[in-house]
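These numbers were taken from a predicted model, which means no experiment stands behind them. Counting starts at 1 for both ligands and their atoms, following the listed order.
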Amino acid sequence: MPITGENLIGAAARRGEGESFRAVEAATGNSLEPAFASATAADVERACALAAEAFDTYRETSLDDRARFLEAVADAIVAIGDELIVRCMAESGLPRARLEGERGRTVGQLKMFAGVVRDGGFLEARVDPAQPERKPLPRPDLRLRQIAVGPVAVFGASNFPLAFSVAGGDTASALAAGCPVVAKAHPAHPGTSELVGRAVQAAVKQCGLPEGVFSLLMDSGISVGQALVADPRIAAVGFTGSRRGGVALMQAAASRPVPIPVYAEMSSVNPVVLLPAALEARGRDIGRAFVGSLTLGSGQFCTNPGLILAVEGAGLDGFLEAASAALTETQAATMLTPGIHKAYCAGVAALESNPAVTTLARGLAGGTHQGQAALFATTAEAFLADHALAEEVFGAASLVVRCPDLATIRAVLERLEGQLTAALHLDEADHDAARALLPVLERRVGRILVNGFGTGVEVGHAMVHGGPYPATSDGRTTSVGSLAIHRFLRPVSYQDLPASLLPAALRDDNPLKLWRRQDGKLAAPSA
Ligand SMILES: NC(=O)C1=CN([C@@H]2O[C@H](COP(=O)(O)OP(=O)(O)OC[C@H]3O[C@@H](n4cnc5c(N)ncnc54)[C@H](O)[C@@H]3O)[C@@H](O)[C@H]2O)C=CC1
Ligand SMILES: O=C(O)CCC(=O)C(=O)O
């Protein structure tokens, strides 16, 4: 499939008339062909108009038709073949095996949502039949279902160019909910974005859906994203990226005449608590496993373990020795963009020059665009006194906070901002200590895990990839897993509607065979 540098607006492919830009090969910094041209305000207008036009038809597609569409998108992505992987490797600097895995995750995610749609449970159908004889007042007939919120703007992430990008989790969950998507390509991987966008466009056509179900807009800057979020037809936003970018979109959305929700996944340092018995028994093993997670993908995961909390002692010393030894041998790896590399180097330099911070180890030095891993340590006292030490350094850098006791670990956790994950390393003798920390962790994070690290999010039904601000803009939800569909749904109640006007999900004969809440009780569909 040739990459043309065009915007995909409904069924059309159109060269933008905005600023021209090229993708950059992450490993070399060289420009890649072809030139892309940023979309204009008229392109944004057209994509949003088509999305609004498609909305009522698309949201009422049968569950089976919508599921088949999601499966068609998955198949079309696979059908691109190796060209997708090769282009994505060049644009992101990520290795083949990682991107092949990520393609599998992207396709699996679309198929999972196809299953969620077919199941119909996300409609949360409820029926409270009328009670005309109720005293002192009769009860009306009340029925409820969830409907799609409207067209969704999706901003692809730089660090997951497939699974969190054009046809990633935000797009899959919005399409599953019945929302058309206008995607804004990340300027770090426009070629990858176009290839995937063309696959979605082809699936829309193949399934006979209205063309406005999907559009893809290019931009080297931020004006297309700003115009998209401001467009009155856009009803919600999905975003993964920097705190600055996410907050800017939250502000843009909140200052519209009609504000809309922004589901932004932003920054997180993902505290890892090493409890005493586990540290003493296997501190060295934990240290080696930690370095594996820290340096995965050059540390460019929002779930990266950026903060380690432990009580001082021989166990922590063993952990630090093993972690430092492993880190010292870690190869530097190409980072996603020169900008991200520069931000990483600045973050590391700030820690190195902080008098309250000790550099424990650095990985092997690398080329111009490669991130050199780093491990730092500080005291709890210094950490609590300096807010900057709790900020995310995006890349393979982590800070160990030496604590005098468990109460101090708890105090540090209490002071942290909202996080995506927290990990506890524990043995049985640590259970009481862990139990005491759980209430704090539940208040601070979206996912609590034991004897592991948060990198590598499982795409499933019980996953929460979210957390209180600033991990995300809305801690009540998730951007990974089937629950993500609820971000793009809204309940509607139908009171005393004649049977012929009711949506199929709420009719007495239950033609969709849904599990429904009948007078408050979950009821199976009759055979
Ligand atoms: N928490 C996470 O998962 C991630 C965090 N990051 C952080 O973000 C930094 C920069 O990476 P990027 O991927 O470029 O993130 P970014 O937040 O700068 O950009 C992400 C997307 O949002 C758009 N955007 C950014 N600011 C905007 C604004 N004010 N108005 C409209 N659109 C806007 C960009 O054009 C891009 O499409 C990294 O150094 C890292 O610190 C990056 C990737 C993932
Ligand atoms: O760890 C993962 O699998 C996903 C991480 C993520 O969401 C991110 O880095 O943006």
Side-chain angles (χ1 to χ4, degrees), residues 21 24 38-39 44 92 94 98 101-102 105-106 109 153-166 168-170 183-190 193 216-230 237-253 262 264-270 293 296-306 335-347 371 391-395 397 419-421 446-447 449 452-460 463-467 470-473 478-481 484:
F21 68 103
V24 170
S38 304
V44 176
S92 68
L94 295 169
R98 148 71 196 271
E102 194 181 325
R105 172 171 164 174
T106 309
Q109 194 160 251
V154 170
F155 289 76
S158 56
N159 62 334
F160 275 76
L162 300 172
F164 283 78
S165 193
V166 173
D170 286 342
K184 149 72 174 68
H186 196 290
H189 57 266
S193 298
L216 172 67
L217 301 172
M218 302 288 169
D219 190 11
S220 57
I222 62 167
S223 56
V224 166
Q226 285 284 332
L228 200 51
V229 174
V237 178
F239 168 94
T240 301
S242 68
R243 182 163 172 177
R244 202 166 76 167
V247 168
L249 295 184
M250 286 165 70
Q251 283 165 351
V262 173
E265 188 215 296
M266 301 175 287
S267 67
S268 188
V269 293
N270 306 299
S293 171
L296 199 68
S298 202
Q300 302 167 115
F301 280 56
C302 54
T303 44
N304 189 259
M335 296 196 76
L336 295 157
T337 67
I340 287 177
H341 179 251
K342 194 169 155 211
Y344 173 70
C345 293
E391 282 170 17
E392 181 185 30
V393 176
F394 190 69
Q419 304 290 332
L420 292 171
T421 74
R447 177 165 56 113
L449 58 137
F453 297 93
T455 42
V457 177
E458 179 70 26
V459 180
M463 174 52 69
V464 171
H465 189 53
T472 74
S473 53
T478 173
S479 65
V480 175

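The N/O atoms of Lys184, backbone and side chain alike, include one that comes under 3.5 Å of an N/O atom in ligand 1.
Annotation: atom 26 (N) of ligand 1 to nearest protein heavy atom, Gly245 CA, 3.5 Å. Counting only heavy atoms of the protein, atom 41 (O) of ligand 1 lies nearest to Phe394 CB, 3.3 Å. For atom 19 (O) of ligand 1, the closest heavy atom belonging to the protein is His186 NE2, 4.0 Å. For atom 3 (O) of ligand 1, the closest heavy atom belonging to the protein is Cys302 CB, 2.9 Å. Taking atom 23 (C) of ligand 1 as the reference point, the nearest protein heavy-atom neighbour is Phe155 CD2, 4.0 Å. Of the protein's non-hydrogen atoms, Ile222 CG2, 3.6 Å is the one closest to atom 33 (C) of ligand 1.
Ligand-side atoms of ligand 1 in range of Thr240: 3 (O), range being under 4.0 angstrom from any heavy atom. Every atom of ligand 1 is numbered from 1 in the order shown, and the set under 4.0 Å from a heavy atom of Met266 is 1 (N), 2 (C), 3 (O). Atoms of ligand 1 found under 4.0 Å from any heavy atom of Asn159, numbered from 1 in the order shown, are 43 (C), 44 (C). Distances below 4.0 Å separate heavy atoms of Glu265 from the following atoms of ligand 1: 3 (O). Ligand-side atoms of ligand 1 in range of Ile340: 11 (O), 38 (C), 39 (O), range being under 4.0 angstrom from any heavy atom. Ligand-side atoms of ligand 1 in range of Gly221: 35 (O), range being under 4.0 angstrom from any heavy atom.
Relative to atom 18 (O) of ligand 1, the option among Ser158, Ala227, Ser242, Ala183 with the closest non-hydrogen atom is Ser242. When Phe239, Phe164, Phe301 are checked for heavy-atom proximity to atom 22 (O) of ligand 1, Phe239 turns out nearest. Here atom 28 (C) of ligand 1 lies nearest to Gln226 when heavy atoms of Gln226, His341, Gln251 are compared. For atom 5 (C) of ligand 1, the nearest non-hydrogen atom from the set Gly395, Gly241, Ala264, Gly347 comes from Gly241.
Contact residues of ligand 2 (protein heavy atom closer than 4.0 angstrom to a ligand atom; sorted by chain and number): Arg105, Asn159, Phe160, Phe164, Thr240, Glu265, Phe301, Cys302, Thr303, Thr455, Gly456, Val457, His465.
Using a 4.0 Å cutoff on heavy atoms, Gly246 does not count as a contact of ligand 1.
At a heavy-atom cutoff of 4.0 Å, ligand 1 is contacted by the side chain of Leu249 but not by its backbone. Here Ala248 has side-chain heavy atoms under 4.0 Å from ligand 1, and that is the only part of it that gets that close. Counting heavy atoms closer than 4.0 Å to ligand 1, residue Pro187 contributes side-chain atoms (C-beta onward) but none from N, CA, C or O.
Side-chain atoms of Arg447 and Leu420, non-hydrogen and from C-beta on, never get closer than 4.5 Å to each other. Residues Ser479 and Thr472 form no side-chain contact, since every pair of their non-hydrogen atoms from C-beta on lies 4.5 Å or further apart. No side-chain heavy atom of Phe155 sits under 4.5 Å from any side-chain heavy atom of Asp170. Side-chain contact between Phe21 and Met218 is present, with heavy atoms from C-beta onward closer than 4.5 Å. Here the side chains of Asn304 and Ser293 are not in contact, with every heavy-atom distance at 4.5 Å or above. His186 has its side chain out of reach of Phe160: every pair of non-hydrogen atoms, C-beta onward, lies at least 4.5 Å apart.
Counting only distance, with no hydrogens or angles, the side chain of Thr106 and the backbone of Ala163 share a donor-acceptor pair below 3.5 Å. Under a 3.5 Å cut-off, the side chain of Glu458 and the backbone N or O of Met463 do not form any donor-acceptor pair. One N or O on the side chain of Gln419 and one on the backbone of Val269 form a donor-acceptor pair closer than 3.5 Å.
Side-chain polar atoms of Ser165 and His189 form a donor-acceptor pair below 3.5 angstrom. In summary, the side chains of Thr303 and Thr455 do not present any donor paired with an acceptor at a separation below 3.5 Å, with no hydrogens or angles considered. Side chains of Asn270 and Thr421: a donor on one and an acceptor on the other come within 3.5 Å.
Across Cys302 and Glu265, no two heavy atoms sit closer than the pair SG-OE2, 2.7 Å. Closest of all the heavy-atom pairs between Met335 and Ser298 is CG-OG, 3.7 Å.
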Only pairs under 3.5 Å count here: list side-chain donor-acceptor contacts from residues 237-250, not counting sequence neighbours, and write none if there are none.
residue : atom : partner : partner atom : Å
Ser242  : OG   : Gly245  : N            : 2.9
Arg243  : NH1  : Glu417  : OE1          : 3.1
Arg243  : NH2  : Glu417  : OE2          : 3.0

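In this structure, His465 NE2 and Phe164 CZ are separated by 4.0 Å, a value rounded to the nearest 0.5 Å.
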